[in-house]
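The structure follows.
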Amino acid sequence: MRLKNVPGAREAIAESTFCIQEDRQQELKGHWQSVFPEKQPLHIEIGMGKGQFLYGMALAHPDINYLGIEKYSSVLLRAIQKMEAAPLPNLRFLRMDAEEICNVFAPGEIDRIYLNFSDPWPKDRHAKRRLPSRQFLARYDQILAKAGVIEFKTDNQGLFDFALEELEPAGWTPLLVTRDLHSDPEASEGNIMTEYEEKFSAMGNPIYKYIIKR
Ligand code: SAM
């Protein structure tokens with residue numbers, strides 16, 4: 001995600017009713033259903049960027065509540081603007097660093113986690129910052145319900161290979177692995193494209209995907 005400093009982004013986020021403000025995030029630990037009109041399964045996307053995927057998911061699945069997590073105000077602002085134009089009751093956003101998720105969600109509170117086109121952090125010394133790393137898998141293990149799964153998509157072969165290698169040491173098992181999502185009719189059924197997925201698949205890159213459980 002190219003990051004430009006968008007003037008006024010922080011202020012717009014602070015005023016948005018679609019964004020759960022930072023001072024409330026820890027209070028809501030264990031009570032996230034209270035931010036939605038309906039109590040229903042809770043799915044999150046970590047590193048949602050401008051929110052194209054999660055908005056499409058919330059529209060397609062009104063019986064699921066979605067929370068989008070994004071670190072940078074400048075991109076989160078775009079997701080908020082989309083919601084202002086056409087609000088959805090089952091979608092809300094948090095501006096936060098994913099490293100904080102265990103302070104914000106109670107054990108087992110989340111039913112599914114989506115990681116889409118996560119930043120690759122190519123240097124070895126930064127491996128623990130990669131969202132599919134074993135360090136992050138240990139955090140997801142805490143907040144995800146027993147039957148919960150993680151879905152990860154990327155066009156980055158190196159990151160995908162790394163993510164697969166992290167599974168066994170972290171105690172996770174693959175339910176689905178594909179190295180060409182768009183050519184796999186079963187795996188791509190109901191697939192909603194992320195902004196990056198549209199961009200990279202249009203360039204001819206195959207899309208890698210896994211679904212994992214403990
Ligand atoms: N998921 C979107 C997509 O597929 O189009 C955006 C992909 S973009 C390459 C990765 C996004 O993850 C960026 O917006 C970045 O700011 C966000 N991100 C990276 N590390 C993060 C972290 N630790 N916590 C929250 N967001 C993070």
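Both ligands and their constituent atoms are indexed starting at 1 by order of listing. Here the structure is a predicted model, which is why all the values come from computation and not from measurement.
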**Contact (N/O only, under 3.5 Å) between G47 and ligand 1** =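 Yes; the residue has a nitrogen or oxygen that sits under 3.5 Å from a nitrogen or oxygen of the ligand.
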**Message:** Restricting to non-hydrogen atoms, name the atom on F160 and the atom on Y210 that form the minimum distance, rounded to 0.1 Å.
**Reply:**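 What the structure gives for the nearest pair is CE1-N, 3.7 Å.
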**Request:** Taking only Lys NZ, Arg NE, NH1 and NH2, and the carboxylate oxygens of Asp or Glu, determine whether D119 and R130 approach each other closer than 4.0 Å.
**Result:** no
**Request:** Check each atom of ligand 1 against the heavy atoms of A98 and keep those under 4.0 Å away; list them by number with element.
**Result:**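 Ligand 1 atoms under the 4.0 Å threshold to A98: 22 (C), 23 (N), 24 (N), 25 (C).
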**Prompt:** Just which atoms of ligand 1 are under 4.0 Å from any heavy atom in F117?
**Reply:**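 What qualifies from ligand 1 is 4 (O), 7 (C), 8 (S), 9 (C), 10 (C).
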**Item:** For D97, atoms of ligand 1 separated by under 4.0 Å from a heavy atom
**Value:** 22 (C), 23 (N), 24 (N)
**Request:** Pull out every atom of ligand 1 sitting under 4.0 Å from any heavy atom of Y72, numbered as shown with elements.
**Result:** 16 (O)
**Prompt:** Per the side chain to side chain donor-acceptor pair (under 3.5 Å) rule, which among T154, N191, N205, N116 passes with E197?
**Reply:**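 Exactly one candidate clears the test, N191.
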**Request:** Pick whichever of R130, E70, R78, M96 has a heavy atom sitting closest to atom 17 (C) of ligand 1.
**Result:** E70
**Prompt:** Which of the atoms of ligand 1 are close to E195, meaning less than 4.0 Å from one of its heavy atoms?
**Reply:** 5 (O)
**Prompt:** Do any heavy atoms of E99 fall under 4.0 Å from ligand 1?
**Reply:**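 No, E99 has no heavy atom closer than 4.0 Å to ligand 1.
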**Prompt:** Does an N or O from S118, backbone or side chain, lie closer than 3.5 Å to an N or O of ligand 1?
**Reply:** no
**Message:** Can you tell me how the ring of F117 sits relative to the ring of F200, calling it parallel under 30°, perpendicular over 60° and tilted otherwise?
**Reply:**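 If you compare the ring of F117 with that of F200, the planes turn out parallel.
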**Asked** If you measure from each heavy atom of K153 to ligand 1, is any distance below 4.0 Å?
**Response**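 Distance cut 4.0 Å: K153 fails for ligand 1.
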**Prompt:** Do L28 and V104 come close enough that some side-chain heavy atom pair is under 4.5 Å?
**Reply:** no
**Prompt:** Any side-chain heavy-atom pair from C19 and L76 closer than 4.5 angstrom?
**Reply:**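 In contact.
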**Non-hydrogen atom of I46 closer than 4.0 Å to ligand 1** =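 I46 does not count as a contact of ligand 1 under the 4.0 Å cut-off.
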**Prompt:** Do the charged groups of R179 and D161 touch, with an N to O distance under 4.0 Å?
**Reply:**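 Looking at R179 and D161, the cut-off is met.
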**Item:** Sub-4.0 Å heavy-atom contact, R129 with ligand 1
**Value:**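 It does not, in that no heavy atom of R129 comes within the 4.0 Å cut-off of ligand 1.
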**Pairing of E70 and R95 as salt bridge, 4.0 angstrom limit** = no
**Asked** At a 4.0 Å cut-off, with the gap strictly under it, does some heavy atom of M48 reach an atom of ligand 1?
**Response** yes
**Message:** As a quick check of understanding, evaluate side-chain hydrogen bond (donor to acceptor under 3.5 Å, both in side chains) for Q33 and N65, giving each step before the final call.
**Reply:** CA-CA 8 Å; Q33 292 293 346; N65 290 330; 3.0 Å; yes
**Closest approach of L144 to V149 (non-hydrogen atoms, all atoms of both residues)** = CD2-N, 3.9 Å
**Asked** What atoms of ligand 1 come closer than 4.0 angstrom to any heavy atom of T194?
**Response**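 Selected atoms, number and element: 3 (C), 4 (O), 5 (O).
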**Message:** If we set the cut-off at 4.0 Å for heavy atoms, which region of E45 has an atom near ligand 1: side chain, backbone, both, or neither?
**Reply:**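 Answer for E45: side chain.
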